[in-house]
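Worksheet: one structure, shown below.
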Amino acid sequence: MSQRIKIKALLESEQTDINVTVKGWVRTFRNNQFIALNDGSTNNNLQVVVDFENTDPALLKRLTTGAAISVSGLLVASLGKGQKVEVKAKEIEILGDSDPEKYPLQPKKHSLEFLREIAHLRFRTSTFGSVFRVRNSLAFAVHQFFQERGFIYLHTPIITASDAEGAGETFHVTNFDLLNPPKTESGEIDFKEDFFGRPTNLTVSGQLEGELGAMALSDIYTFGPTFRAENSNTTRHLAEFWMIEPEMAFYDLNDNMDLAEELLKYVIKYALDKNAEDISFLTQRLEDEEKQKPQQERSEMSLLEKLQFCLDNDFERLTYTEAIDILKESTPNKKKKFQYPIEGWGTDLQSEHERYLVEKHFKKPVILTDYPKQIKAFYMRQNEVDANGHETVRAMDILFPGIGEIVGGSQREERLDKLEQRMDEMGIPKDELWWYLDTRRFGACPHAGFGLGFERLVQFVTGMGNIRDVIPFPRFPKNAEF
Ligand code: 4AD
Ligand code: MG
């Protein structure tokens, strides 16, 4: 018998009347005759035709949803609708039974909430098969994009002693017995006794270490897990998420924005080419889901159209100040429809404001720049004070339809005196970040970088409404199952 062939390759093959062996999991078995078999290589199932009159009834009984089987038989042109080829089974072997009374996945539609509770099995559904194949392609495309451009993939640490964003949302790392940690004479926890001899945490961002790499290697990127103990129960936040963080020497903010826009378009195009079937399936899934909503809440474009639209159009670039002017004059602001009315300059934008700009006003991806310095991290390059006395930094956020902020980045403050002054103002310990400041002491140069939230990207490309459905095993408040 021939070697196992994956279903994707088999469905694409031009040959028929050849013997093949396929292995996979039974999706359905109908009329004691037709097995829909899936092996995860494609969204499409292979139809296996069973000669039930000449098959042991005991074996037929074991062809249940979820069972793992191996089938050898003849690949023939299919007479039925929906598939070009099918396999006429000559030999079927049950590799692993699946008790239909107990198997949680039934051949029917399950809610995404229910599937989240059985995340160990949800890969076996069409939706999650497609989502994770697209996620895989996007990850590969990220590496390909940077590698083609001579960037160095730099592995920044997961355990650190700093809080790069200064937001205080870190998870502690310790090997202390939490019920009985060593104490100092004055009764405080004695971190000198801890594993690293000091308090440590899981990284919230690889940026600071990334900058050190860029100050020698020119262009680097990180792509790894990051951790935030923010208690946000939203469809856009995870406690553990993956982030892509490039950092480029000799880049200013415009170069930075160009690179980010190019990256986003590149990886979306890659997935569209590579995962056409999955994206077309997900487009249909979203359309079905949206049919449940009232007309005015449905999106004007299908998923496929949205992705294409994103490729075909330049992202709109404007400053925070210009955005505030637009928002102030907007109908929802005047009619008091915003939960957080836009009054003055200087406060952070809420997601309702970002959505208005992207989905209603510009109707395309938007890059906002030059945010008030008060609401941004200490490392961003400070602009000259403007005529209105506004103090801003060379920040940029990319806002996407349906997602909100997908990228956050900036040109970095390379001037030692300005950086130190800002750290003092914000109470960021300079002595702990002596190594970061060293790059400003020795061969400092203009540089810039950004962070792309990988799961938000996967959400955009798959059209999944909840970020918990685009990472295999989501981590969020009160949940670390699996
Ligand atoms: O805007 P953020 O916090 O920026 C940084 O961490 C910078 N150090 C990046 C840099 O300049 N190198 O996060 C960057 C992106 C956000 O735009 C968002 O897409 C994503 O990371 N993100 C999250 N994604 C999922 N869950 C969360 N809790 C996230 N927090 C941020
Ligand atoms: Mg941000």
Side-chain angles (χ1 to χ4, degrees), residues 146 149-157 160-167 203-224 226 243-263 317 319-320 367-386 390-398 407-452:
F146 287 117
R149 284 158 186 74
F151 281 62
I152 307 295
Y153 178 31
L154 194 74
H155 297 96
T156 52
T160 76
S162 65
D163 173 1
E165 293 301 298
T203 187
V204 295
S205 156
Q207 177 195 324
L208 301 191
E209 290 89 352
E211 283 187 53
L212 312 181
M215 289 301 101
L217 302 166
S218 283
D219 300 324
I220 65 93
Y221 68 106
T222 70
F223 185 176
T226 46
M243 186 154 52
I244 296 125
E245 295 184 276
E247 196 67 36
M248 296 74 63
F250 316 114
Y251 267 48
D252 66 13
L253 193 72
N254 286 320
D255 303 325
N256 201 23
M257 289 191 281
D258 289 345
L259 185 79
E261 183 168 343
E262 205 185 327
L263 167 66
R317 299 179 186 192
T319 64
Y320 165 91
I367 313 184
L368 291 186
T369 63
D370 302 286
Y371 280 77
K373 114 178 173 183
Q374 300 305 336
I375 58 173
K376 289 291 185 187
F378 71 94
Y379 50 70
M380 297 190 179
R381 196 174 199 281
Q382 297 161 45
N383 288 318
E384 297 293 315
V385 181
D386 75 8
H390 290 155
E391 292 188 301
T392 57
V393 286
R394 280 307 254 164
M396 65 121 172
D397 276 7
I398 304 188
V407 164
S410 71
Q411 187 171 330
R412 314 308 186 192
E413 183 56 85
E414 82 282 13
R415 298 163 295 184
L416 182 63
D417 54 334
K418 298 257 183 200
L419 184 58
E420 286 190 321
Q421 184 199 338
R422 191 69 193 129
M423 289 170 81
D424 287 340
E425 283 168 14
M426 295 177 77
I428 294 179
K430 286 186 305 212
D431 50 340
E432 277 177 26
L433 288 180
W434 61 273
W435 43 273
Y436 184 70
L437 291 168
D438 257 7
T439 54
R440 274 61 174 176
R441 291 190 183 105
F442 310 116
C445 70
H447 64 288
F450 61 84
L452 165 61

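For reference, positions follow the sequence shown, starting with 1. Everything quoted here is computed from the prediction, not taken from an experiment.
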Quiz prompt | Nearest-0.5 Å distance, CG of residue Asp258 to CZ of residue Arg317 | solution = 4.5 Å

Quiz item: Given Met257 and Thr369, is the side chain to side chain contact (heavy atoms under 4.5 Å, CB included) satisfied, shown in steps?
Solution: CA-CA 10 Å; Met257 289 191 281; Thr369 63; 3.5 Å; yes

Quiz item: Looking at Ile367 and Glu261, what are the two nearest heavy atoms and their distance?
Solution: CD1-OE1, 4.2 Å

Practice problem: Quick one: closest heavy-atom pair of Ala249 and Ala214, and the distance? | Solution: CB-O, 3.6 Å

Quiz item: Could you give the distance from CD1 (Ile220) to CZ (Phe146), rounded to the nearest 0.5 Å?
Solution: 9.0 Å

Quiz item: Shortest non-hydrogen contact from Ser410 to Ala395?
Solution: CB-CA, 3.8 Å

Quiz item: Do Val407 and Met396 pass the side chain to side chain contact (heavy atoms under 4.5 Å, CB included) test, and can you show the C-alpha distance, the side-chain angles, and the key distance before you say yes or no?
Solution: CA-CA 8 Å; Val407 164; Met396 65 121 172; 4.0 Å; yes

Quiz item: Residues two or more places apart in sequence or in another chain: which of them pass side chain to side chain donor-acceptor pair (under 3.5 Å) with Gln374?
Solution: none

Quiz prompt | Any residue meeting side chain to side chain contact (heavy atoms under 4.5 Å, CB included) with Ile375, in chain and number order, not counting sequence neighbours | solution = Asp348, Tyr371, Pro372

Quiz item: Looking at residues at least two apart in the chain, or sitting in another chain, which of them share a side chain to side chain donor-acceptor pair (under 3.5 Å) with Ser218?
Solution: none

Exercise. Using side chain to side chain contact (heavy atoms under 4.5 Å, CB included) as the criterion, list what pairs up with Tyr153, not counting sequence neighbours.
Key: His143, Gln147, His155, Tyr221, Phe223

Self-check item: Distance in Å, Met243 CE paired with Thr226 OG1, rounded so as to fall on 0.5 Å steps
Solution: 4.0 Å

Exercise. Kindly compute the distance separating OG1 (Thr392) from CG (Asp370), expressed to the nearest 0.5 Å.
Key: 5.0 Å

Self-check item: side chain to side chain donor-acceptor pair (under 3.5 Å) partners of Arg415, counting only residues at least two apart
Solution: Glu413

Exercise. Would you please say whether a donor-acceptor pair under 3.5 Å links the side chains of Glu211 and Tyr379?
Key: no

Quiz item: Glu432 and Ser162: side-chain donor and acceptor closer than 3.5 Å?
Solution: no

Quiz item: Looking at residues at least two apart in the chain, or sitting in another chain, which of them share a side chain to side chain contact (heavy atoms under 4.5 Å, CB included) with Lys430?
Solution: Glu420, Met423, Asp424, Leu437

Self-check item: Nearest heavy-atom neighbours spanning Lys373 and Arg422
Solution: O-NH2, 3.3 Å

Exercise. Using the side chain to side chain contact (heavy atoms under 4.5 Å, CB included) rule, take Met248 and Arg149 through it: C-alpha gap first, then chi angles, then the decisive distance, then the call.
Key: CA-CA 12 Å; Met248 296 74 63; Arg149 284 158 186 74; over 6 Å; no

Practice problem: Can you sort out the partners of Thr439 under side chain to side chain contact (heavy atoms under 4.5 Å, CB included), two or more places apart, ordered by chain and number? | Solution: Leu212, Met215

Quiz item: With sequence neighbours left out, what residues match Asp219 under side chain to side chain donor-acceptor pair (under 3.5 Å)?
Solution: none

Quiz prompt | Residue pair Leu263, Phe450: steps toward the side chain to side chain contact (heavy atoms under 4.5 Å, CB included) verdict | solution = CA-CA 11 Å; Leu263 167 66; Phe450 61 84; 3.9 Å; yes

Practice problem: State the CZ-CD distance between Arg381 and Gln411, to the nearest 0.5 angstrom. | Solution: 5.5 Å

Exercise. Would you please name every residue forming a salt bridge (Lys or Arg N to Asp or Glu O under 4.0 Å) with Glu209, sequence neighbours left out?
Key: none

Quiz item: Going from OG1 on Thr203 to CG on Leu208, what distance comes out if it is rounded to the nearest 0.5 angstrom?
Solution: 8.0 Å

Quiz item: According to the salt bridge (charged side-chain N to carboxylate O under 4.0 Å, His left out) rule, which pairs have a member within residues 247-256, sequence neighbours left out?
Solution: Glu247-Arg412

Quiz prompt | With sequence neighbours excluded, residues passing salt bridge (Lys or Arg N to Asp or Glu O under 4.0 Å) with Asp438 | solution = Arg441

